[in-house]
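Working notes for the structure below.
This is a predicted model, so every value here is computed, not measured. Every heavy atom of this structure was used, including side-chain atoms; hydrogens, water molecules and symmetry mates were not.
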Amino acid sequence: MSNVIVVGISGPSCSGKTAIALNLLKVFPHTVIIHQDDFYKTDSQIPTHADLGVQDWDCPHAMDMPRLVQEIRTVRQQLECRDTRSSDQISDIRNHLASQWANPSKDVDQLISPEALASIKEQVLRSLGVAGTSQVPFSIILVEGILLFHDNDQSSEHHPGTVCDTGVFIYAKYETLKMRRESRTSYATVEGVWADPPGYFDSLVWPNYVKYHAGFVAAHPELATDRMANKADAAQDPWGGKVVICSSDTAAEDTLRQCVLAILAEWHKRSH
């Protein structure tokens with residue numbers, strides 16, 4: 001039985017994935033985070049949208065998916081071959097994967113109160129029957145990005161969703177995502193800086209999110225509409241129920257707890 005759990009944290013742009021991933025690191029210290037954003041192709045390789053004539057940063061072809069999947073497999077192998085309770089060894093791998101998110105904003109630390117984090121940690125210890133986080137019997141690879149569970153080529157060996165043991169899809173209302181995205185001034189890229197042109201969210205970001213998650217949205221309409229799924233919809237889930245759905249329009253503490261429960265469920269499934 002593997003003592004490494006690969007957890008995919010996905011969802012549309014600006015849904016709060018990175019903030020939740022970084023807070024999960026506080027709950028499970030034996031964790032490595034891989035950010036899909038670090039696997040964008042070079043600026044000159046980003047495809048141009050056929051109809052809009054602008055670079056399309058929100059499609060699967062903008063990212064080097066084979067390299068991402070290989071990195072996940074490599075890190076998994078490293079963790080399985082090492083003492084996963086060694087902080088130094090975990091740090092070695094983290095340093096290798098250092099990204100533009102290595103120094104997160106203060107908002108990440110302010111997102112969830114110390115009291116809530118302490119409560120969640122206690123929940124983990126009780127569930128696992130251990131006295132401290134250093135005794136957690138597994139390590140985690142958190143893979144975070146907008147296109148981990150997209151519909152394209154799900155059977156491909158280079159699809160990141162196929163190497164995730166479990167997943168969490170964090171969504172938010174259209175208005176929330178639009179406000180957050182348009183409040184960002186720019187993004188660091190491989191070769192420089194990208195700034196969304198006017199109307200980019202409505203013309204490309206949101207349509208791409210719906211387009212590349214069409215199967216997922218069919219099973220879970222709340223991801224893109226105000227309609228909730230019914231039992232007939234649930235049977236259509238393209239990921240067979242291995243991805244938990246949660247909204248960042250609710251309290252961040254609730255989202256973090258759902259992520260923790262998904263991780264614990266995956267471990268208990270293996271160990272029983």
Item to check | Steps toward side chain to side chain contact (heavy atoms under 4.5 Å, CB included) verdict (Arg257, Ile112) | outcome: CA-CA 11 Å; Arg257 286 188 185 277; Ile112 298 171; over 6 Å; no
Next on the checklist: Using the rule given for salt bridge (charged side-chain N to carboxylate O under 4.0 Å, His left out), can you reason through Lys269 versus Asp165, listing the C-alpha separation, both sets of side-chain angles and the distance that settles it, and then say yes or no?
Outcome noted: CA-CA 11 Å; Lys269 181 176 70 176; Asp165 299 314; over 6 Å; no
Is any side-chain heavy atom of [X] less than 4.5 Å from a side-chain heavy atom of [Y]?
X: Ile263; Y: Leu24; value: yes
X: Pro137; Y: Leu128; value: yes
X: Leu256; Y: Leu117; value: yes
X: Leu223; Y: Ile245; value: yes
X: Ile140; Y: His30; value: no
X: Cys246; Y: Val168; value: yes
X: Pro160; Y: Val143; value: no

Next on the checklist: Under the criterion side chain to side chain contact (heavy atoms under 4.5 Å, CB included), I'd like the reasoning laid out for Arg76 against Ser2: C-alpha separation, chi angles, the key distance, then a yes or no.
Outcome noted: CA-CA 9 Å; Arg76 179 169 204 150; Ser2 174; 3.4 Å; yes
Checklist entry - Below 6.0 angstrom between ring centroids: does that apply to Tyr200 and Trp57? => result no
Can any side-chain N or O of [X] pair as donor or acceptor with the backbone N or O of [Y] at less than 3.5 Å?
X: Lys178; Y: Trp206; value: no
X: His220; Y: Glu222; value: no
X: Ser119; Y: Glu115; value: no
X: Thr189; Y: Thr42; value: no
X: Tyr40; Y: Val190; value: no
X: Ser248; Y: Ser15; value: yes
X: Arg180; Y: Cys14; value: yes
X: Asp58; Y: Asn208; value: no

When you group the ILVMFWY residues by side-chain heavy-atom contacts below 4.5 Å and let the links chain together, are [Y] and [X] in the same group?
X: Val130; Y: Val124; result: yes
X: Leu52; Y: Val210; result: yes
X: Ile120; Y: Leu261; result: no

Between [X] and [Y], what is the shortest heavy-atom contact and its length?
X: Val244; Y: Ala262; answer: CG2-CB, 3.9 Å
X: His159; Y: Leu148; answer: CE1-O, 3.2 Å
X: Leu111; Y: Ala19; answer: CD2-CB, 3.7 Å
X: Asp56; Y: His49; answer: OD2-CD2, 3.9 Å
X: Ala219; Y: Pro238; answer: CB-CD, 4.3 Å
X: Cys259; Y: Ile20; answer: SG-CG2, 3.7 Å

Specify whether [X] and [Y] have parallel, tilted or perpendicular ring planes, treating 30° as the upper limit for parallel and 60° as the lower limit for perpendicular.
X: His213; Y: Tyr209; result: tilted
X: Trp267; Y: Phe138; result: tilted
X: Phe169; Y: Phe216; result: perpendicular

Checklist entry - Could you go step by step and tell me if Ile33 and Leu22 meet the side chain to side chain contact (heavy atoms under 4.5 Å, CB included) rule? => result CA-CA 8 Å; Ile33 302 179; Leu22 292 170; 3.7 Å; yes
Checklist entry - Going through the checks in order, is the side-chain hydrogen bond (donor to acceptor under 3.5 Å, both in side chains) test met by Ser127 and Gln123? => result CA-CA 6 Å; Ser127 177; Gln123 177 185 12; over 6 Å; no
Next on the checklist: Looking only at the side chains, is there a donor atom on one of Gln78 and Thr74 sitting less than 3.5 Å from an acceptor on the other?
Outcome noted: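 No - no donor-acceptor pair under 3.5 Å links their side chains.
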Item to check | Distance-only donor-acceptor check, side chains Asp196 and Trp194, under 3.5 Å | outcome: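 Per modelled atom types, Asp196 and Trp194 side chains form a pair under 3.5 Å.
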Next on the checklist: Between Lys242 and Glu266, does the side chain to side chain contact (heavy atoms under 4.5 Å, CB included) criterion hold? Intermediate values first, please.
Outcome noted: CA-CA 9 Å; Lys242 84 170 185 178; Glu266 174 62 25; over 6 Å; no
Next on the checklist: Applying salt bridge (charged side-chain N to carboxylate O under 4.0 Å, His left out) to Glu71 and Arg67, what does each step give before you reach the verdict?
Outcome noted: CA-CA 6 Å; Glu71 191 71 30; Arg67 186 166 67 89; 5.6 Å; no
Item to check | Sole candidate of Lys17, His35, Gln36 that passes side-chain hydrogen bond (donor to acceptor under 3.5 Å, both in side chains) when paired with Glu144 | outcome: His35
Next on the checklist: With side-chain hydrogen bond (donor to acceptor under 3.5 Å, both in side chains) as the criterion, how do His150 and Ser10 come out once you've worked through the C-alpha distance, each side chain's angles and the decisive distance to 0.1 Å?
Outcome noted: CA-CA 9 Å; His150 65 86; Ser10 197; over 6 Å; no
Checklist entry - Between atom CD1 of Ile46 and atom NZ of Lys41, what is the distance when rounded to the nearest 0.5 Å? => result 7.5 Å
